[in-house]
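Below is one structure; the comments refer to it alone.
Atoms considered below: every heavy atom in the structure, side chains included; atoms not considered: hydrogens, waters and symmetry mates. Owing to the predicted nature of the structure, the values given are computational and were not obtained by experimental measurement.
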Amino acid sequence: MNVLSIQSHVAYGHVGNASAVFPMQRLGVEVWAVHTVQFSNHTGYGAWRGRVFDGPAIEDLVEGIAERGVLPTCDGVLSGYMGSADIGTAILRAVARVRAANPAALYCCDPVIGDVGRGVFVRPGIPEFMRDHAVPAADIITPNQFELDYLSGIKIRTLADAKAAVAAVQASGPKVVLVTSLHTEETPDDSIDMLAGADGLFWRLRTPRLSLAINGAGDATAALFLVHYARSRSAGEALGAAAASIFGLLRRTAEAGSREILTVAAQDEFVAPSRTFLVEAV
């Protein structure tokens, strides 16, 4: 399996491609990583160095990959944080090129916009680009609850609201939606839910809530879900596999008191999760 992953990258720590690439490789996937930014560390530290690339730079790299004659072997494209609309346009052009070479290829878009408690944290114009262009072009999207609220126009309070929001977003294009963190009126205070929807069906998985605030977990979640869905073509099965790995990764990180997720130290969680959870049809 080959995946073209177009995301931000950091030299120190694990966000963007630095969070998504290794879990896919650990699962036996060949990853072609294209970086939209290259920073010393993630911006949550308050100081960083590096540079942001533009759309033409990304298109140039994709052109170079195409010149190797390998696009027909690309099974999927993964995208995350988009620093600007021209980067987003370059990503969608890359998706179109891959699909022209391999119509069976999947596009998984992690529509990074913001989060509960933080609000929108991307540049102006990016939320609208995600809603109007990137999400409709995707086969799979992996929003958090805040992003699903925005994309669907539905304020989610109950599980029924969440299902309606997933269905509303699916009507715009993506067949598969994974809600990576969901807390409704039905969710216990000490738990967090994940919800997957596909083909008019829904699956929920509930894990204990861990007391940590960490960057990069969503990037790894999207990567794992894409790989497991591409292999199984089952949203419920992919939900169970991805959630088990992410919970193990975050549990190990919380126990270590680390500010960065332990992508390397906890790598066995990607192939043999230490704990699994019930996936229930809802």
Side-chain angles (χ1 to χ4, degrees), residues 1-9 16-38 53-112 126 129-143 169-170 172-178 198-199 219-235 237-238 241-242:
M1 184 174 175
N2 302 303
V3 170
L4 173 62
S5 183
I6 309 177
Q7 300 194 55
S8 59
H9 181 73
N17 269 335
S19 177
V21 171
F22 182 64
M24 292 192 283
Q25 291 173 328
R26 192 68 176 81
L27 288 169
V29 175
E30 192 69 49
V31 185
W32 310 336
V34 172
H35 305 328
T36 57
V37 309
Q38 179 130 343
F53 303 121
D54 57 14
I58 293 165
E59 293 191 57
D60 193 41
L61 289 173
V62 173
E63 177 64 29
I65 295 171
E67 289 171 352
R68 306 284 70 77
V70 295
L71 289 189
T73 70
C74 184
D75 300 292
V77 180
L78 174 65
S79 72
Y81 173 80
M82 297 180 186
S84 64
D86 80 312
I87 288 174
T89 299
I91 290 171
L92 295 189
R93 286 175 178 166
V95 170
R97 293 195 67 172
V98 169
R99 284 175 168 160
N102 177 15
L106 297 169
Y107 172 36
C108 178
C109 173
D110 182 9
V112 179
I126 295 299
F129 182 87
M130 287 289 189
R131 181 192 62 208
D132 300 336
H133 300 286
V135 166
D139 299 291
I140 303 166
I141 63 168
T142 60
V169 172
Q170 286 172 324
S172 75
K175 298 180 178 64
V176 181
V177 177
L178 171 69
D199 302 316
D219 306 318
T221 302
L224 290 165
F225 186 81
L226 168 61
V227 172
H228 289 299
Y229 180 79
R231 287 176 170 167
S232 68
R233 299 293 163 151
S234 166
E237 186 174 328

Pair F129, T89 - check side chain to side chain contact (heavy atoms under 4.5 Å, CB included), show working. CA-CA 9 Å; F129 182 87; T89 299; 3.8 Å; yes
Apply side chain to side chain contact (heavy atoms under 4.5 Å, CB included) to residues I65 and L4 and explain how you reach the verdict. CA-CA 10 Å; I65 295 171; L4 173 62; 4.0 Å; yes
Applying side chain to side chain contact (heavy atoms under 4.5 Å, CB included), run through L178 and T221 and close with a yes or a no. CA-CA 10 Å; L178 171 69; T221 302; 4.0 Å; yes
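The nearest pair of heavy atoms linking L61 to V34 is CD1-CG1, 3.8 Å. Taking both residues in full, the closest heavy atoms of A222 and C108 are given as O-SG, 4.1 Å, listed atom of the first, atom of the second, then distance. The shortest heavy-atom contact between V112 and I126 is O-CG2, 4.3 Å. Residue V135 comes nearest to P174 through the heavy atom pair O-CD, 3.3 Å, listed as atom of the first residue, atom of the second, then distance. Across every non-hydrogen atom of I87 and G55, the tightest pair is CG1-N, 4.1 Å.
Aromatic ring pairs are classed by plane angle as parallel below 30°, tilted from 30° to 60° and perpendicular above 60°; the pair Y229 and F225 is parallel.
One finds a salt bridge joining R97 and E63 here, because a Lys/Arg side-chain nitrogen approaches an Asp/Glu carboxylate oxygen to under 4.0 Å.
At least one donor-acceptor pair under 3.5 Å links the side chain of T36 to the backbone N or O of S8. Proximity of a side-chain donor or acceptor of Q170 to a complementary backbone N or O of K175 within less than 3.5 Å is detected. Between the side chain of D110 and the backbone N or O of G80, no donor-acceptor pair lies under 3.5 Å.
Counting only heavy atoms from C-beta outward, the side chains of L226 and V3 approach each other to under 4.5 Å. The shortest side-chain heavy-atom distance between M24 and M1 does not fall under the 4.5 Å cut-off. The shortest distance between side-chain heavy atoms of R231 and L27 falls below 4.5 Å. Taking 4.5 Å as the limit, some side-chain heavy atom of W32 sits within range of a side-chain heavy atom of C74. Annotation: side chain of L92 is in contact with side chain of Y107 (closest heavy-atom distance under 4.5 Å). Between D54 and S84, every side-chain heavy-atom pair lies at or beyond the 4.5 Å cut-off.
To the nearest 0.5 angstrom, M82 atom CE is 4.0 Å from I91 atom CD1. Expressed to the nearest 0.5 Å, how far CG of L106 lies from CG of L78 amounts to 11.0 Å. Put simply, CG on D86 and CD on E59 are 8.5 Å apart, with the number rounded to the nearest 0.5 Å. Distance check, rounded to the nearest 0.5 Å: CD of E30 to CD of Q25 gives 7.0 Å. Between M130 atom CE and S79 atom OG the span is 6.0 Å, to the nearest 0.5 Å.
Applying the salt bridge (Lys or Arg N to Asp or Glu O under 4.0 Å) test to every pair with at least one member in residues 129-143, sequence neighbours left out, gives these pairs: R99-D139.
Annotation: salt bridge (Lys or Arg N to Asp or Glu O under 4.0 Å) contacts of D75 (sequence neighbours excluded): none.
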